[in-house]
Amino acid sequence: MQQKLTEDKSIYLQISQMIETDILRGILLEEDRVPSTNELAKLYTINPATAAKGINILVDNGILYKKRGIGMFVSPGATAVIRSRRKQEFYTCRLAELLAEARSLGISKEELIAQINREEKES
């Protein structure tokens with residue numbers, strides 16, 4: 001969790017997204033302990049209540065769970081839950097925006113697919 005906070009969105013949302021991203025990347029595995037709110041507050045020089053708000057989002061979504069007196073841990077199945085939700089968000093938000101922009105620029109479906117294929121080969 002060494003990413004930088006930005007001004008783009010609320011800090012607590014960035015904290016929850018960073019933890020989710022670390023889970024998706026395999027940096028945090030299921031049943032691993034996640035940094036405490038105090039550790040996050042110190043790392044990012046933020047208020048512990050802000051860090052707690054980000055953690056609580058993940059608890060509410062079943063991504064993290066608390067072991068009393070020990071800390072917060074990644075829930076079993078968290079990776080699949082995050083991946084599924086983010087895929088759906090990608091399709092409904094980003095892909096819809098991309099297709100709308102392509103239509104407004106007169107980019108055909110075939111051109112778009114060809115460009116995706118080129119990009120995929122280069123990466």
Side-chain angles (χ1 to χ4, degrees):
M1 286 200 57
Q2 293 299 323
Q3 298 135 1
K4 296 199 185 275
L5 297 173
T6 66
E7 300 288 326
D8 297 354
K9 62 176 88 167
S10 299
I11 292 171
Y12 72 94
L13 291 174
Q14 292 179 66
I15 294 293
S16 67
Q17 287 177 341
M18 283 188 272
I19 293 170
E20 281 189 353
T21 298
D22 283 353
I23 293 168
L24 283 177
R25 291 182 178 160
I27 295 166
L28 288 170
L29 302 174
E30 294 176 7
E31 300 295 342
D32 277 357
R33 184 184 165 281
V34 299
S36 70
T37 55
N38 289 331
E39 291 167 335
L40 290 168
K42 185 177 179 183
L43 180 64
Y44 292 108
T45 32
I46 60 173
N47 187 312
T50 302
K53 195 170 179 181
I55 293 286
N56 288 336
I57 289 171
L58 298 174
V59 171
D60 293 344
N61 290 328
I63 304 301
L64 301 180
Y65 70 96
K66 183 177 184 173
K67 285 187 182 178
R68 190 175 180 98
I70 300 174
M72 296 297 219
F73 290 79
V74 179
S75 298
T79 305
V81 170
I82 296 165
R83 185 170 286 119
S84 175
R85 192 193 76 247
R86 286 197 178 182
K87 276 184 182 181
Q88 192 57 44
E89 288 172 359
F90 174 81
Y91 294 139
T92 58
C93 297
R94 294 184 187 165
L95 187 58
E97 289 174 11
L98 175 103
L99 292 172
E101 181 70 8
R103 274 191 297 278
S104 71
L105 295 172
I107 298 172
S108 70
K109 179 174 140 183
E110 292 74 22
E111 288 176 292
L112 196 53
I113 291 170
Q115 185 61 37
I116 290 169
N117 290 333
R118 279 192 293 276
E119 290 292 324
E120 191 174 59
K121 285 179 186 176
E122 291 176 13
S123 60

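This structure is a prediction, so every number in the text was calculated from the model and none was measured.
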Task: Leu5 versus Met18, closest heavy-atom pair with distance - done: CD2-CE, 3.2 Å
Task: Straight-line distance of Leu29 CG to Asp22 CG, nearest 0.5 Å - done: 10.5 Å
TODO: Would you check if the side chain of Ser75 reaches a backbone N or O of Ala78 as a donor-acceptor pair within less than 3.5 Å?
DONE: no
Open item on the list: Can you give me the closest heavy-atom contact between Val74 and Leu28, atom names plus distance?
Closed with: CG2-CB, 4.2 Å
Open item on the list: Donor-acceptor pair, distance only, cut-off 3.5 Å: does the side chain of Thr45 make one with the backbone of Lys42?
Closed with: no
Task: Expected output: side-chain Ser84 to main-chain Ala80 donor-acceptor under 3.5 Å - done: no
Task: Single-linkage hydrophobic cluster, 4.5 Å side-chain cutoff, Tyr91 and Leu99 together - done: yes
Task: CD-CD1 distance between Glu30 and Ile23, expressed to the nearest 0.5 angstrom - done: 8.0 Å
Open item on the list: Distance alone, cut at 3.5 Å: any donor-acceptor contact between the side chains of Gln115 and Glu119?
Closed with: yes
Task: Same apolar cluster (I L V M F W Y, side chains within < 4.5 Å links), Tyr44/Val34 - done: yes
- [ ] Provide the closest heavy-atom pair for Lys67 versus Phe73 in the form atom of the first, atom of the second, distance.
- [x] CD-CE1, 3.5 Å
Task: Chi angles and distances behind the side-chain contact (heavy atoms from CB on, under 4.5 Å) call for Ile63, Ile82 - done: CA-CA 8 Å; Ile63 304 301; Ile82 296 165; 3.5 Å; yes
Task: Shortest non-hydrogen contact between Lys9 and Gln14, atoms and distance - done: O-NE2, 2.7 Å
Task: Nearest-0.5 Å distance, CD1 of residue Ile19 to CD1 of residue Ile55 - done: 3.5 Å
Open item on the list: How close do Ala41 and Ala51 get, counting heavy atoms only, and between which atoms?
Closed with: N-CB, 4.4 Å
Task: Shared hydrophobic cluster, Ile113 / Phe90 (ILVMFWY, side-chain heavy atoms < 4.5 Å) - done: no
Task: Pairs flagged by salt bridge (Lys or Arg N to Asp or Glu O under 4.0 Å) wherever residues 84-105 is involved - sequence neighbours left out - done: Glu20-Arg85, Glu20-Arg86, Arg85-Glu89
- [ ] Answer yes if Leu58 and Leu40 sit in the same cluster of Ile, Leu, Val, Met, Phe, Trp and Tyr residues linked by side chain heavy atoms under 4.5 Å apart, and no otherwise.
- [x] yes
Open item on the list: Nearest 0.5 Å, please: how far is CD1 in Ile57 from CG in Leu13?
Closed with: 5.0 Å
TODO: Hey, could you give me the CG/OG distance between Leu43 and Ser36, rounded to the nearest 0.5 Å?
DONE: 10.5 Å
- [ ] Check step by step if side-chain contact (heavy atoms from CB on, under 4.5 Å) holds for Val59 and Met72.
- [x] CA-CA 9 Å; Val59 171; Met72 296 297 219; 3.3 Å; yes
TODO: First locate atom OG1 of Thr37, then atom CG of Asn47, and finally report the distance between them rounded to the nearest 0.5 Å.
DONE: 9.5 Å
Open item on the list: Show the nearest heavy-atom pair for residues Leu112 and Leu98, with the distance to one decimal.
Closed with: CD2-CD2, 4.0 Å
